[in-house]
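Step one of this worksheet: look at the structure below.
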There are 2 protein chains.
Amino acid sequence: MICFQIKFQFYYIYRVKKTIFTFAALVLAILALFQLSKYSVIAGDTSIETIIAIIAVIFFVIGIVINRRILHKKKKPTQEINYQKIEELGLSKREYEVLCQIAMGLSNKEIAEKLFVSESTIKTHVSNMLVKLDAKRRTQAIQIAKELQIIPL
Amino acid sequence: MICFQIKFQFYYIYRVKKTIFTFAALVLAILALFQLSKYSVIAGDTSIETIIAIIAVIFFVIGIVINRRILHKKKKPTQEINYQKIEELGLSKREYEVLCQIAMGLSNKEIAEKLFVSESTIKTHVSNMLVKLDAKRRTQAIQIAKELQIIPL
DNA sequence: CTAAATTTCATACTTTAGTATGAATGCTAT
DNA sequence: ATAGCATTCATACTAAAGTATGAAATTTAG
């Protein structure tokens, strides 16, 4: 049990502190470059242009890679739900629950079983919900609800 | 008329060739840096480390900026439609059209009017489409189609 | 506590959705 | 040419969805 915990901890550190390790490696690489360039210049066997070009390319690539990592991580297309709109429409808690289940593609019977009520109850909720959303059908209700951002895409 | 065309052409060149101009400016900047660094080294009034550090920072920033520009341009949250999947499912053109109209919340009757065919034709398409999508209802078909990314969100 | 709103359920009814079957037409590729 | 597929349409049927009405129990807010 403890073994598992330790394993998990190491894994966690690895995942979270990955960026820090990357930066540490980067700093070391830079220092190495400094030394290399110094010796090269002193020895006179490498032109200053070559060194600068190499450094430029390296950091250009590093800039792109890091930027891509950061953008990639926060690229969560999570739809924010407009709870205020739900209240504005006057949708009750139960009506909203039913709406969500409809959007999942469930039938009235299936929703009834899932929410532990009778099918006629669901029908009542659906009917009231449709009026409040100004929809004629459940499919239209889904479309409208997604447009109003009251259910996830 | 010709004037407008010329104006448009210049605008077009400006828009499309912007990147090229940017790179041209970049190359000039690099050449200038080369000259500057050379003179500095010869004059001995700037250390090699400083020059390298400056170059590194400059290109690091350039890398980030260029990357951000590119990502920003193609960062349209437009859901790409998986046309290959549509073929894999064996959906015909008409069946797919009907599916899209269903997702818009239309009834069979409304779809029939929109596509200038009878309601029974739509029913046939819907029935075949449901089998191919392995859905029991049209609402479920919408959900599955969105998951498979064959219709826009 | 009481009035209003929500949730629940039922019954009866109408409308829409979906299935099954059969058939005619047109397009396409071998 | 012809076999296969897509499209079209019809009829008859079953299933699901949605409406209307009434009513009881529960929750919530003033």
Side-chain angles (χ1 to χ4, degrees), chain A residues 81-148 150-151, chain B residues 81-148 150-151:
Chain A
I81 290 167
N82 192 346
Y83 292 102
Q84 205 211 315
K85 198 84 199 175
I86 297 172
E87 280 204 20
E88 274 177 38
L89 292 167
L91 281 176
S92 76
K93 200 196 292 180
R94 221 45 169 162
E95 282 159 5
Y96 180 68
E97 279 183 282
V98 171
L99 172 60
C100 290
Q101 297 303 316
I102 286 174
M104 298 293 288
L106 301 192
S107 69
N108 290 338
K109 200 176 180 181
E110 287 170 340
I111 297 170
E113 284 166 10
K114 202 165 184 178
L115 301 184
F116 304 108
V117 291
S118 77
E119 194 184 336
S120 72
T121 304
I122 300 300
K123 282 189 177 185
T124 307
H125 290 322
V126 170
S127 206
N128 293 331
M129 178 272 287
L130 289 178
V131 172
K132 288 174 184 176
L133 277 187
D134 195 26
K136 290 174 193 160
R137 285 164 290 283
R138 47 169 61 207
T139 50
Q140 200 182 1
I142 294 171
Q143 163 72 9
I144 291 170
K146 299 210 171 184
E147 211 139 272
L148 296 177
I150 60 178
I151 56 173
Chain B
I81 291 168
N82 193 345
Y83 292 103
Q84 205 212 315
K85 198 85 197 173
I86 297 173
E87 279 203 21
E88 274 179 38
L89 293 167
L91 280 179
S92 75
K93 200 196 289 179
R94 225 39 173 167
E95 283 160 5
Y96 179 68
E97 280 183 280
V98 171
L99 172 61
C100 290
Q101 296 306 315
I102 286 175
M104 298 293 287
L106 301 192
S107 69
N108 290 339
K109 201 176 180 182
E110 286 169 339
I111 297 170
E113 285 167 9
K114 203 165 183 177
L115 300 184
F116 304 108
V117 290
S118 77
E119 194 185 337
S120 73
T121 304
I122 300 301
K123 281 190 177 184
T124 307
H125 290 322
V126 171
S127 204
N128 293 330
M129 177 273 287
L130 290 177
V131 172
K132 288 173 183 176
L133 276 187
D134 194 27
K136 289 174 195 161
R137 285 164 290 283
R138 47 172 57 210
T139 50
Q140 200 181 2
I142 295 171
Q143 162 73 7
I144 291 170
K146 297 205 174 185
E147 211 139 273
L148 296 176
I150 60 178
I151 56 173

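Please read these numbers as outputs of a predicted model, since none were measured by experiment. Excluded from the calculations below are hydrogen atoms, water molecules and symmetry mates; all remaining heavy atoms, backbone and side chain alike, are included. Throughout, protein chains are lettered first and strands after them, A, B, ... in sequence-line order, and every chain is numbered starting at 1.
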Problem set entry | Nucleotide nearest A:V117 when distance is taken to its side chain, options C:dT19, C:dT8, D:dG18 | C:dT8

Problem set entry | Closest to side chain of B:S120, choosing from D:dT7, C:dT7, D:dC9 | D:dC9

For this session: Could you check which of D:dA17, D:dT8, C:dT7 has an atom nearest any side-chain atom of A:K123?
Result: D:dA17

Exercise. Rounded to whole angstrom units, what separation is found between the CD atom of A:E95 and the C1' atom of C:dT8?
Worked result: 13 Å

For this session: Provide, to the nearest angstrom, the distance between the CD1 atom belonging to B:I122 and the C1' atom belonging to C:dT19.
Result: 16 Å

Exercise. So does B:N108 get a side-chain nitrogen or oxygen closer than 4.0 Å to the phosphate oxygens (OP1/OP2) of C:dT16?
Worked result: no

For this session: Would you kindly give the CD-to-P distance between B:E113 and D:dC9, to the nearest whole Å?
Result: 13 Å

For this session: For A:S118, answer base if it contacts any base atom (sugar-phosphate contacts may also be present), sugar-phosphate if it contacts only those atoms, and nothing otherwise; contact means non-hydrogen atoms under 4.0 Å.
Result: sugar-phosphate

Exercise. Between B:E110 (CD) and C:dT16 (P), how many Å, whole number?
Worked result: 9 Å

Seminar exercise, completed: Regarding the side chain of A:R137, the nearest nucleotide among C:dG18, C:dA17, D:dT8 is C:dA17

Exercise. Whole-Å distance between C:dG18 P and B:E119 CD?
Worked result: 11 Å

Exercise. If you check the A:R94 side chain, which of D:dA17, C:dA17, C:dT8 turns out closest?
Worked result: C:dT8

Exercise. To the nearest angstrom, how far is A:K93 atom NZ from C:dA5 atom C1'?
Worked result: 13 Å

Exercise. Distance-only, no hydrogens or angles: does the A:Q140 side chain make a donor-acceptor pair with backbone N or O of A:K136 under 3.5 Å?
Worked result: yes

Seminar exercise, completed: Taken to the nearest whole Å, CE/B:M129 to C1'/C:dA17 is 11 Å

Seminar exercise, completed: With the side chain defined as heavy atoms from C-beta on, B:R138 is closest, among C:dG18, D:dC9, D:dA17, to C:dG18

Exercise. B:T121 side chain: which of D:dC9, C:dT7, C:dG18 is closest?
Worked result: D:dC9

Exercise. If you look at every strand shown and take non-hydrogen atoms under 4.0 Å, does A:S92 touch a base, only sugar-phosphate, or nothing?
Worked result: sugar-phosphate

Exercise. Between B:E97 and B:Q101, do the side chains contain an N or O donor and an N or O acceptor separated by less than 3.5 Å?
Worked result: no

Exercise. Any idea which heavy atoms bring A:L130 and A:R137 closest together, and the distance?
Worked result: CD2-O, 3.4 Å

Exercise. A:E97 has an atom CD; how far is it from atom P of C:dT6, in whole Å?
Worked result: 14 Å

Problem set entry | Closest approach of B:L133 to B:A141 (non-hydrogen atoms, all atoms of both residues) | CD1-O, 3.8 Å

For this session: Answer yes or no: is there a side-chain heavy-atom contact under 4.5 Å between A:E88 and A:N82?
Result: no

Seminar exercise, completed: Side-chain atoms of B:S107 come closest, of D:dT8, C:dG18, C:dT16, to C:dT16

Exercise. Pick the nucleotide of DNA chain D nearest each of B:L91 and B:T139; which residue has the one closer to the 5' end?
Worked result: B:L91

Exercise. Does B:I150 offer a backbone N or O that forms a donor-acceptor pair with the side chain of B:K85 under 3.5 Å?
Worked result: no

Seminar exercise, completed: From the candidates C:dT7, C:dG18, D:dT8, the one with an atom nearest any side-chain atom of B:H125 is D:dT8

